[in-house]
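Letters go in sequence order (proteins before strands), and every chain restarts at 1.
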Amino acid sequence: MNTATEGHDVRIRELEERVQRYETWVERITKVCEDAVAGELESRLVHVDRAGDPQLERMLDSINNALDAVDAYVRESRVSLDAASQGKFFRRFVLKGLRGTYRHAAETINGASQTMAQRTHELAEASRCRDRVANEFEAFLQHVVESVAKAAHDMRESSAHIGSSVDGSAKEAVSAETAAQQLAGEVQSVAAATEQLSATAGEINRQITESSNVARGAVEEAQRTQSTIGDLAKLSQTIGGVLRLISEVAQQTNLLALNATIEAARAGEAGKGFAVVASEVKNLAKQTSKSTEEITRHINAIQTTTKASVDAIGRISQTIEVISATAQHIATNVEQQVVATRDISASIQRAAERTDTVARGMGYVSSATHATADSISELDRAAQSLETHSQSLRAEAQRFLATIRCETSGT
Amino acid sequence: MQGNLVRSVRLTGRERFLGADELIVTKTDLQGRITYANRVFRRISEYSEAELLGAPHNIVRHPDMPRCVFKLLWDTISSGREIFAYVVNVASNGDHYWVLAHVTPTFDDKGAIIGYHSNRRMPERSSIDNARALYAQLNAEEKRHSSPARAAEAGLAKLNALLSQAGQTYEQFFFTL
């Protein structure tokens, strides 16, 4: 009885202890399960070998195994998908150790990962292709833009060069025009001077002709004077002849007076009065002879003077003729000069006309040069615009390339 | 103390095998002390749960494992990344077994590492052979250095040299093993 009762008591104690252990484990299990439900997969049932009950121990292990399976699945899916998102497709979901639904789900993930890898590969291939196209396009565009930019630059340089040349030409044209205008003015002055010279030459010619006429008159006058003096010489010679006659008459008278004296002497007293008359006649004859001699001397002097006058007038006449001839020569020369001056004047007139033409031409050149300068400015603006356009083309193309290369804006 | 325990194990040269669908699961704290060991682990390592809980994970370390593999393992997981490694372990009776270890950090809500988790699976035979050949090379390098730290550095340098020679990352390299 007692033994039986004791046996029962032991059994009851054992059962009570067992119930207590179970209650303890149920509490722990509940905690672990609640953690698992909350996504806290770290909690496990430990010290299961202290459960002291093989059946309980197996149950606890089973709960842990279930949690381990879920934990393994979650860790694998997290890591393998993370790797796939980073393009590390070699990192597959490790199937080993997984069973049933876990394994099927893992296989599905690996299939998706495989597809993703394939797509990524294709995408990379497409991207490489697109990049190649973009690079080729960029290189081509770069070439085009550089060519255009270079052309525009060259154009601007050329237009600047032409511009400076045109500026130079314009300046040259303006100075040429000014010079031509100055020349025209100077030519006009020369023409006027030539005109004046021509007029002066005419005046000189007229005066020379007049002086020539005067000289001719003088020569004629001299010739008339010479002839008058020649008449005078002839007249003196005639007077000389008369004087010789008077002188002979006086000598004859003297001789007759001498004879009368002698006859008077012979007639003595009777002859004395006669002798006085004879002597008076003799004195008169002597006086006549003396006067005649004196007149002859004067006539000779007149004749000498007259001859000298004739010679002098001849020489004057000759001189005047030389002067006249010279004046004539001068007149001829002046006439030639007048003709030459007229020629010069005409040439200068023509030169003046041509200078006008040159000046007008220079005016045209000048305005043409201005027009050219305007055109060059337009050309330069066009080249600038070309440069701007090529730059915006480049920028636009860069944006396009950035877009097709899927670069984010701002990078 | 646990280190002494490892060294006290006499190797038998016998190999044990993990089942194809079996999974060894352990969890450790940040210092590598075991906080959870599942039944499969307790069975293949022949340690009781009481012996394992709180023990350092290198309780099952086999002397054929190069130091640099564990250095790489700790460097990787402590920086928040997962790692795969072929590992040979030793059971308490001196038998050994190969596993494909996958170690991942465990994060809290804020992303801080609060512990580590290791799943071990049955490796392919060919992979074991490749790993064994590689580890022989690394061990040869490590044996040239007396200091364990120096040896681990040298082994890692050798491993990196082999990787750069193959033009691969460790991850890529691992999956080719």
inquiry  = Please determine whether side chain to side chain contact (heavy atoms under 4.5 Å, CB included) holds for the pair A/H47 and B/L53, giving the CA-CA distance in whole Å, both sets of side-chain angles, and the decisive distance to 0.1 Å.
reply    = CA-CA 8 Å; A/H47 297 296; B/L53 288 175; 3.2 Å; yes

Stepwise side chain to side chain contact (heavy atoms under 4.5 Å, CB included) check, A/N64 with B/N38 = CA-CA 7 Å; A/N64 278 341; B/N38 74 346; 5.7 Å; no

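No donor-acceptor contact under 3.5 angstrom links the side chains of A/E42 and B/H117, judged on distance only. A donor and an acceptor atom, one from each side chain of B/T106 and A/R75, are located under 3.5 Å apart.
The candidate from A/R92, A/E57, A/R103 with the greatest count of non-hydrogen atom pairs under 4.5 Å with chain B is A/E57. With respect to chain A, the highest number of heavy-atom pairs below 4.5 Å among B/E82, B/E22, B/R120 belongs to B/E82. With chain B as partner, the option from A/D49, A/V79, A/D82 having the largest number of non-hydrogen pairs under 4.5 angstrom is A/D49. Per-residue heavy-atom pair counts under 4.5 Å with chain B were compared for A/L98, A/N65, A/V48, and the maximum is reached by A/V48. Between chain A and the options B/L52, B/L23, B/V25, heavy-atom pairs under 4.5 Å are most frequent for B/V25.
Using a 4.5 Å cut-off between heavy atoms, B/N119 touches chain A through its side chain atoms alone. Heavy atoms of A/R50 lying under 4.5 Å from chain B are absent altogether. Interface residue B/E49: backbone and side-chain heavy atoms are both found under 4.5 Å from chain A. For B/R81, no part lies under 4.5 angstrom from a heavy atom of chain A. Neither the backbone nor the side chain of A/E40 comes within contact range of chain B; no heavy atoms are under 4.5 Å apart.
Summarising the geometry, atom CZ belonging to B/R39 is positioned 9.5 Å from atom CG belonging to A/L60; distances are rounded to the nearest 0.5 Å. With rounding to the nearest 0.5 Å, the separation of OG1 in B/T104 from CG in A/D71 is 7.5 Å. Rounding to the nearest 0.5 Å gives a distance of 11.0 Å between CG of B/D21 and CG of A/L95.
Residue-environment remark: CG (B/D109) stays at or below the threshold of 12 foreign heavy atoms within 6.0 Å. Other residues, nucleotides and ligands contribute more than 12 heavy atoms inside 6.0 Å of the CZ atom of B/F107. More than 12 heavy atoms of other residues, nucleotides or ligands sit less than 6.0 Å from atom CZ of A/R130. Around the CD atom of A/Q20, the shell of radius 6.0 Å holds no more than 12 heavy atoms that belong to other residues, nucleotides or ligands.
Judged by distance alone, with hydrogens and angles left aside, the side-chain atoms of A/K96 form no donor-acceptor pair with the main-chain N or O of B/P123 at under 3.5 Å.
Pairing each heavy atom of A/V46 with each of B/T35, the nearest pair is CG1-O, 3.5 Å.
Looking only at side-chain heavy atoms (C-beta outward), B/F84 and A/R91 come within less than 4.5 Å of each other. Between A/L45 and B/Y36, every side-chain heavy-atom pair lies at or beyond the 4.5 Å cut-off.
With respect to the salt-bridge test (charged N to carboxylate O, under 4.0 angstrom), the residues A/D61 and B/R42 qualify.
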